[in-house]
Amino acid sequence: MTQGFDTLQIHAGAEPDPATGARQIPIYQTTAYVFKDADQAARLFNLEEVGNIYSRLTNPTVSALANRICALEGGAGAFCCSSGHAAQIMAFFPLLEPGRNIVASNRLYGGSAQQFTNTFHKFGWHTKFVDIDDLDAVRAAIDDDTRAIFCETIANPGGHVADLPAIAKVADAAGIPLVVDNTSASPYLCRPIEHGATIVVHSVTKYLTGNGTVTGGVVVDSGKFDWSKGGKYPSLAGPEPAYHGLNFHAALGAMAYTFWGIAVGLRDLGMTMNPQGAHYSLMGIETLSLRMTRHVENAVKVATWLEGHEGVKAVTYAGLPSSPSHAKAERLLPRGAGALFTVALKGSYDACVKFVDSLKLFSHVANLGDTRSLVIHPASTTHRQLSAEGRVAAGAADNVVRLSIGIEDVADIIADLDQALAVANG
Ligand SMILES: *Cc1c(COP(=O)(O)O)cnc(C)c1O
């Protein structure tokens with residue numbers, strides 16, 4: 001990193017608009033871009049010149065956002081998508097063909113577990129879920145058709161921290177990339193590429209935008225993986241029939257994955273972010289470090305207070321010394337373990353429902369990473385489609401609620417939790 005994080009989150013990927021001098025990045029609300037002449041058009045389509053053709057592929061506002069997040073994550077290239085879930089499909093699309101599989105942590109955001117289980121099958125892709133702490137189990141799950149390992153930095157909702165350097169070593173030994181969902185941490189708290197990840201994905205919907213206005217995603221490539229070694233990635237390092245036989249790795253080197261993601265992935269799947277959304281996300285990112293610092297401060301205070309409450313059975317926050325992930329968090333997330341955690345109440349399903357319904361400052365929503373404090377009961381919402389065992393494995397048992405601690409005055413957050421716990425406990 002040439003400049004500091006606080007500088008990059010404001011300046012990376014942007015310069016005053018060359019046409020007007022506008023200091024903020026304009027919302028380039030346009031579908032297409034006029035070619036200078038037929039020769040330039042041909043060069044753009046041949047990837048001999050980098051430029052805008054059509055906004056399903058690239059758009060200057062969206063590219064500014066991708067380049068900013070790329071700088072914050074320390075990547076080589078990045079592209080934005082219409083949602084975090086779109087980013088996950090887009091991250092795997094260059095790597096997998098029918099019959100291939102990924103090895104994924106069994107502690108994932110419920111929507112990701114669902115996407116990897118049922119929707120992946122429609123592409124002929126498969127997922128082997130493992131306890132990502134058990135490196136022998138990870139190694140044993142990798143077979144000749146495995147093309148990636150996937151985990152979350154801080155698992156949503158259980159607050160489990162993945163030992164990224166150790167998992168990256170397993171991936172390296174197998175000649176496959178480690179793909180990390182860094183949504184819950186944000187690049188301010190953890191930069192997975194520095195710990196050996198090849199690819200980072202985000203739901204931009206969450207902390208990066210930060211105020212609950214946008215649905216978006218991003219895929220960041222480290223540029224460090226050798227796609228040509230081992231022959232496992234023909235889309236990236238063979239003649240690509242979807243792009244007139246171009247060998248992306250031979251032609252574009254460290255930018256092969258990013259260019260493929262745009263030129264083939266976004267072109268054919270069309271999971272594109274819109275410029276208006278990108279603009280809101282750019283505004284949000286300018287204050288990422290300030291927000292994350294306050295999110296973490298508040299989360300530590302709230303989690304500590306909850307842990308001492310008589311109505312609470314357990315708090316799974318990696319920022320607490322009682323967490324089995326605490327040592328990993330101190331090593332991988334020195335600025336704090338985020339602001340998302342679960343609380344197990346002494347009561348069960350019904351107590352959780354009463355608790356959620358009694359909170360006033362907290363909003364009961366299926367979202368996280370907002371400036372506002374948010375709550376949800378996973379068993380009755382995000383994780384209800386999983387089996388009971390699947391819910392327990394994902395840290396979403398019936399007596400568990402998930403809190404996303406906002407940046408309000410912490411005394412007000414605690415007062416709201418206090419009164420709702422009193423109601424829940426009758
Ligand atoms: C929200 C979320 C997603 C999905 O992102 P969308 O923007 O809602 O599609 C993926 N992973 C994690 C960890 C999330 O929190």
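In listed order, ligands and their atoms are each counted from 1. Along the sequence shown, the residues carry numbers beginning at 1.
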J.: Anything with a heavy atom under 4.0 Å from ligand 1 counts, so go ahead and list those protein residues by chain and number.
T.: S83, G84, H85, Q88, Y109, S112, E152, N156, D181, T183, S203, T205, K206, G216, L368

J.: With sequence neighbours left out, write down each residue that passes side chain to side chain donor-acceptor pair (under 3.5 Å) with N211, or none if nothing qualifies.
T.: T213

J.: Compute whether any side-chain donor of one residue and acceptor of the other, for T146 and N101, lie under 3.5 angstrom apart.
T.: yes

J.: Sorted by first residue and then second, give each side-chain hydrogen bond (donor to acceptor under 3.5 Å, both in side chains) pair with at least one member in residues 270-285; sequence neighbours left out.
T.: T209-S281, Q276-Y280

J.: Taking only residues at least two apart or on different chains, which pairs with a member in residues 190-210 satisfy ring-ring contact (aromatic ring centres under 6.0 Å, His included)?
T.: Y207-H295

J.: Taking the ring of F225 and the ring of Y257, is the distance between their centroids below 6.0 Å?
T.: no

J.: State yes or no: are the ring centers of F120 and F92 separated by less than 6.0 Å?
T.: yes

